[in-house]
Protein chains: 2
Amino acid sequence: MATNRQTKDRHQEILDAAARVITERGLAETRISDVAEQAGVSPGLILYYFESKDRLLAEALTFANDQFYLRTSREIRRLPSAVDQLRRLIDLSVPGYLPEYERLDEWALWIEVWVRALRDKEMAKDREVLDERWRSQIADIIRNGRSSGEFGSTEDVDELALRLASLIDGLAIQVVMNDSKVTPERMHRACMHVAAHELGFEFAKSDVSP
Amino acid sequence: MATNRQTKDRHQEILDAAARVITERGLAETRISDVAEQAGVSPGLILYYFESKDRLLAEALTFANDQFYLRTSREIRRLPSAVDQLRRLIDLSVPGYLPEYERLDEWALWIEVWVRALRDKEMAKDREVLDERWRSQIADIIRNGRSSGEFGSTEDVDELALRLASLIDGLAIQVVMNDSKVTPERMHRACMHVAAHELGFEFAKSDVSP
DNA sequence: TGGCGAAGTTTGAACGGTCAGTCAAGCCGC
DNA sequence: GCGGCTTGACTGACCGTTCAAACTTCGCCA
């Protein structure tokens with residue numbers, strides 16, 4: 001039976017289409033027919049695969065976030081040094097810093113997640129898990145760098161990770177809004193500066209833009 | 001003519017009611033009739049004072065933000081030392097840290113501002129101004145503390161302010177979502193820690209909770 | 001091999017509920 | 001009694017959801 005395979009594809013296709021539409025139009029302005037059009041199917045089919053618009057959009061938000069996380073962590077694992085890993089993580093976190101990456105603006109979706117999580121319990125739970133994973137990703141790098149001797153700091157790893165993650169969040173919001181005073185380059189510099197100082201490493205010349 | 005005075009009152013009353021409803025139900029779920037009910041008037045009247053629901057909600061968002069800013073800056077100006085000013089600013093910025101303050105959760109409204117600013121040019125401009133003002137508030141305190149000798153750091157004021165403001169933003173998001181791992185106390189500690197280290201001051205015993 | 005039918009997909013027209021926005025008619029202060 | 005304020009019933013559009021009918025796939029049997 002092709003059923004299972006096909007069904008899975010459709011499911012993903014629709015989630016993907018939904019994420020795209022949300023990024024473009026915003027959660028509030030996303031209609032089922034938009035998603036259908038984006039996915040190249042009829043509106044009825046959307047409701048065949050998802051029990052309601054609400055559920056679809058909620059799933060799409062966490063789905064997109066997951067994609068980003070997987071992509072990022074796969075990339076990072078490849079790098080040998082913790083300093084490079086951290087730099088790469090920051091590169092990937094600054095909206096618009098790496099032009100090559102298809103700008104499916106993850107951060108815009110993140111903000112939609114927050115809004116929804118304020119009132120939707122299910123989403124609130126997902127968000128908490130996702131956020132914890134984000135901090136862990138940073139914490140892991142810190143631990144790597146510490147055991148390899150790259151980082152000198154001896155402070156609590158989780159506190160360091162929380163501060164760095166939150167700083168990135170706060171800056172990314174402004175950058176993704178195209179704030180004329182907070183450019184991608186400035187955000188990148190700020191993040192690297194804090195990372196270097198808090199963790200105790202040198203980042204010399206290689207701080208230059210890509 | 002009572003017109004002007006009355007009219008102004010109604011305008012504000014409605015904005016205030018709208019801000020309350022948005023905080024409770026979220027921007028997307030706010031109906032004109034909700035605002036009318038909250039304000040104790042008929043739905044028709046809302047559209048007599050505002051040309052559309054959209055405009056009303058946009059105005060309400062910036063209005064609420066303004067209120068918060070004015071309240072905060074008035075309070076801060078009273079304090080004599082820069083360290084106290086900064087501590088107070090942080091107290092006020094941590095969602096739920098000061099129980100006395102009517103929790104008209106400013107941060108929840110902020111997130112709605114961000115979502116809207118992603119697509120609404122008008123709102124994007126307002127947001128940029130508001131954010132700049134927020135950074136300036138911090139920058140001013142830093143300058144105070146520097147000229148009074150309380151702060152030892154000599155780094156660029158705007159960079160320091162950007163980093164501190166962004167850290168607060170990023171942490172506040174998590175706290176306002178009731179993240180079990182990121183409590184108001186933890187956020188407060190993190191902010192004070194960074195402030196003390198980045199600006200070079202001691203904050204000894206007075207770090208205890210209120 | 002070929003064709004039958006059942007199960008799973010897909011379509012798009014139709015329905016119904018919900019609101020934003022309108023308006024005609026009252027209200028009240030000056 | 002004029003002019004701004006206020007009401008709330010009404011309208012029209014919009015969109016989520018339903019559904020019956022068509023289409024596709026594929027296993028099965030002659």
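So you know, we letter chains A, B, ... as the sequences are listed, proteins then strands, and number each from 1. Note that this is a predicted model, so its numbers are computed, not measured.
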#### Entry: Nearest-angstrom distance from the residue atom NZ of Lys53(A) to P of dT18(D)
14 Å
### Query
Less than 4.5 Å apart, any side-chain heavy atom of Ile76(A) and any of Leu86(A)?
no
### Task
Determine whether the side chains of Arg88(A) and Thr72(A) contain a donor N or O and an acceptor N or O closer than 3.5 Å.
no
## Note on the structure
Taken to the nearest whole Å, CZ/Phe50(B) to P/dT22(C) is 16 Å
### Query
Do the side-chain N or O atoms of Tyr48(B) get closer than 4.0 angstrom to the phosphate oxygens (OP1, OP2) of dT6(D)?
no
### Message
Check this for me: does any side-chain nitrogen of one of Asp158(B) and Lys181(A) sit under 4.0 Å from a carboxylate oxygen of the other?
### Response
no
### Message
Checking side-chain polar atoms at under 3.5 Å, does Trp134(B) have a donor or acceptor matched by the opposite partner on Asp169(B)?
### Response
yes
### Query
Atom OH of Tyr49(A) and atom C1' of dT18(D): how far apart are they, to the nearest Å?
18 Å
## Note on the structure
Rounded to whole Å, the CZ-C1' distance (Arg10(A) to dT11(C)) equals 12 Å
#### Entry: Geometric class of the His188(A)/Tyr97(A) ring pair [parallel <30°, tilted 30-60°, perpendicular >60°]
parallel
### Message
Please report the distance, rounded to the nearest Å, between CG in Leu56(B) and C1' in dG21(C).
### Response
13 Å
#### Entry: Carboxylate-amine/guanidinium proximity below 4.0 Å for Glu128(B) and Arg133(B)
no
### Message
Output the rounded distance in Å from CG (Leu47(A)) to P (dA13(C)).
### Response
16 Å
### Query
Where along residues 31-46 of chain A does a heavy atom fall under 4.0 Å from DNA chain D?
Arg31(A), Ile32(A)
### Distance, rounded to the nearest Å, where Arg25(A) contributes CZ and dC14(D) contributes P
12 Å
